[in-house]
Amino acid sequence: MMKKSMLKRLVLAAVVAGSFAAWQPASEAAVQVNPVVGMPADFIKGADVSMIPEMEKYGAKFYDVDGTQMDCLQVLKNHGVNWIRLRIWNDPSKGQGGGGNTDEAKALEMTKRAKALGLKVLIDFHYSDWWADPAKQYKPYAWEGHSKEQLVQDVYDYTAKVVKDFNEAGLTPDMIQVGNEIKNGMIWPEGRFPGENNSQELAKMVGAGLKAVHDNDPGHRIQTMIHLPDGGSNDVYQDFFNTLILKNGVNDFDIIGMSYYPFWHGTMQQLQQNMDDVSKRYNKDVIVVETAFGYTNQNFDDMKNPYGEAAERIGGYRSTVQGQATGLRDLMEHVVAVPDHRGTGIFYWEPEWYAVPGAGWKTGEGDEWDNLTMFDDKGKALESMKVWSEVSNPKAKTVKATVKEIDNLTAEGGAGAPIELPDKTRVTFSDDHAENLAITWDNAKPVFDKTGVYTVKGVVKDAGNKLVTCKVTVIKKVNLVQNPAFESVKLDGWTITGDKQAVDCVSKAGDALGQGAMHYWAANAFHFTAQQSFTGLKDGKYTVSVMTQGGGGQKLAQLFVIGDKGQKLTADIKDQGWNKWITTTIKDVVVKDGKATIGVDMDANAGNWGSFDNFEFYLQE
């Protein structure tokens, strides 16, 4: 559960009308899936199932919806999945382990199993001994100390070897992606993006990987892909592909692959705009090559999951089997809608990865993904699995979604001061998609002279004038920070100095506690200060605090406050990893002249990243 302070000026914690237990999904729940008009017969309905060998090693079993035990791939095929995706790490024994230890041998074996069932295969080269993603692109151990020229040759030689091995086994892949989520480059530091000379080193590496595929594919049977994250961010894609294609001439690939997780990567409308633009701008097909939707907020092991209540709110689909099916169906509809039939498919990331002791994301740790799977915690396929076939079923019934539930709200403020109520609330529809709709309050800025709990009523006009209430808790202590939790996903109220380009506001589960957070990252070393100043304060002692998460490793990361006589007090911020939120606090700050300034100072190395959220500054009683 997200930590909420009683001292925040406004808490947008929603209390769902009715029983919370009603939202706990059952794997047997019936689902309704509307067909997608115009879906091509060859539309890719794929799944990344790289964890299967490791799961089976530790005893995992899989069952179809009717309870019949069978091969996981067979279950997927039964419901309409027609492709699988498999990642390859160069030498997992030299990495940190876990994540399936997905080497070439496992990919070959899984490809053999898949092709025996008539499934097509996408091979995902990470060019690392462990996970490669925007936050880390670790160089393979065997390539350490190699020159830039050698690294380019390494990419060619390794890619060519793997393709030859697959060809000789009669298991030629149907698609290959060169690099995994490479918006920040690959094989760091030489291949980091952006880089020197218009990122020529990265372009050479990517070009070498593509050439290795083409040189060993005389029949042009293998489609090639370049894959980035942040599917809803068109600027990321234009920046990267303008550099790769227009400035470096690397254009001999077929597909732009996108990761799109709705709780991390923006709205589906933003995804649509990006797919429409890049497919036309670069004359490429587009595939959402990674996605997932939660079917529950429950966690089935001791490993913290990135998906939960906060992610559910951001993603726009309820954490139910129906919500999962609806989200996946809606995503496929958006891909099909890309002009000129350039949206060719999607891949669900690790739908089979339910919690199995031993099959963790990292050696000695558990499964972060167990509530985003399409199998329940015992390995039984969820009813949402029918989405793969029903989207293409011309006889399937189309049902219009109706209003099902409206969230009532809570807010908090100080006695005698106007309390600004939230202007929207979550409305859940019968297909378990959710929309944030505007509220018309009886009194949008109520003032209460005494402490206590009050109720304000309003209506949601776009939901048929349905009633909504806000329970307002009035307290003595008041958080003085403007825009303390970034719920509008803006930096309003904050003054940023230094390397401003390294700081932005994000709305991503794990990077934000609620709807938004102040986030920082840059490819090069950077420094900045984010602060707010106050005047007219009462004399007394104050407390300032902030919640943070991040990778750590900065030269300086401090919370500060400037109080009486300009005295600056600081507290070091010691982050412990992604989505591991900690609170840093400075107490007993003396204010006598009515003025104070609070904020954070950052002096960071290239690639340092993290978030600030839930700032507080208040007068102690």
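Applying the side-chain contact (heavy atoms from CB on, under 4.5 Å) rule to I586 yields the partners V544, L559, V561, L569, A571, V589; only residues at least two apart in sequence or on another chain are considered. Under the salt bridge (Lys or Arg N to Asp or Glu O under 4.0 Å) criterion, D601 pairs with K568, sequence neighbours left out. With sequence neighbours excluded, the residues that form a ring-ring contact (aromatic ring centres under 6.0 Å, His included) with H433 are F429. With sequence neighbours excluded, the residues satisfying side-chain contact (heavy atoms from CB on, under 4.5 Å) with N184 are P134, W188, W521. Under the salt bridge (Lys or Arg N to Asp or Glu O under 4.0 Å) criterion, K183 pairs with D230, not counting sequence neighbours. Evaluation of the side-chain hydrogen bond (donor to acceptor under 3.5 Å, both in side chains) rule for Y307 yields S319 as partners, not counting sequence neighbours. Judged as a salt bridge (Lys or Arg N to Asp or Glu O under 4.0 Å), and not counting sequence neighbours, D370 has no contacts. Residues satisfying the side-chain contact (heavy atoms from CB on, under 4.5 Å) test with D575, not counting sequence neighbours, are Y520, T548, Q554, I573, I582. For D499, there are no salt bridge (Lys or Arg N to Asp or Glu O under 4.0 Å) partners two or more places apart in sequence or in a different chain.
Sorted by first and then second residue, the side-chain hydrogen bond (donor to acceptor under 3.5 Å, both in side chains) pairs with a member in residues 604-613 read Q549-S611; sequence neighbours excluded. Listed by first and then second residue, the salt bridge (Lys or Arg N to Asp or Glu O under 4.0 Å) pairs that reach into residues 464-474 come to none, sequence neighbours excluded.
Under the side chain to side chain donor-acceptor pair (under 3.5 Å) test applied with R318, the options D431, T428, D432 reduce to a single match, T428. Of the listed residues (K587, E616, Q620), just one forms a side chain to side chain donor-acceptor pair (under 3.5 Å) with T543, and that residue is Q620.
With a 4.5 Å cut-off on side-chain heavy atoms, I419 and V474 count as touching. Put simply, the side chain of M602 does not reach to within 4.5 Å of the side chain of L556, judged on heavy atoms. Looking only at side-chain heavy atoms (C-beta outward), W494 and M518 come within less than 4.5 Å of each other.
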Identify each donor-acceptor pair in which a side-chain atom of residues 436-454 lies under 3.5 Å from a protein atom, sequence neighbours left out, and give them as a table.
| from | atom 1 | to | atom 2 | distance (Å) |
| --- | --- | --- | --- | --- |
| W441 | NE1 | P422 | O | 2.8 |
| N443 | OD1 | K445 | N | 3.2 |
| Y454 | OH | K450 | O | 3.0 |

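Not one N or O on the side chain of S233 forms a donor-acceptor pair closer than 3.5 Å with the backbone of D235. Under a 3.5 Å cut-off, the side chain of Y261 and the backbone N or O of A509 do not form any donor-acceptor pair. Side-chain atoms of Q532 come within 3.5 Å of backbone N or O of Q482 as a donor-acceptor pair.
Judged by distance alone, the side chains of Q531 and T597 never bring a donor and an acceptor atom under 3.5 Å apart. Between the side chains of D277 and Q273, not a single donor N or O lies within less than 3.5 Å of an accepting N or O. For the residue pair H265/S259, the side-chain donor-acceptor check at 3.5 Å is not satisfied.
Distance NE2/H334 to CE/M268: 5.5 Å, rounded to 0.5 Å.
Using cut-offs of 30° and 60° for the angle between ring planes, the W264 and W578 rings count as perpendicular.
The shortest heavy-atom contact between N234 and Q238 is OD1-NE2, 2.7 Å.
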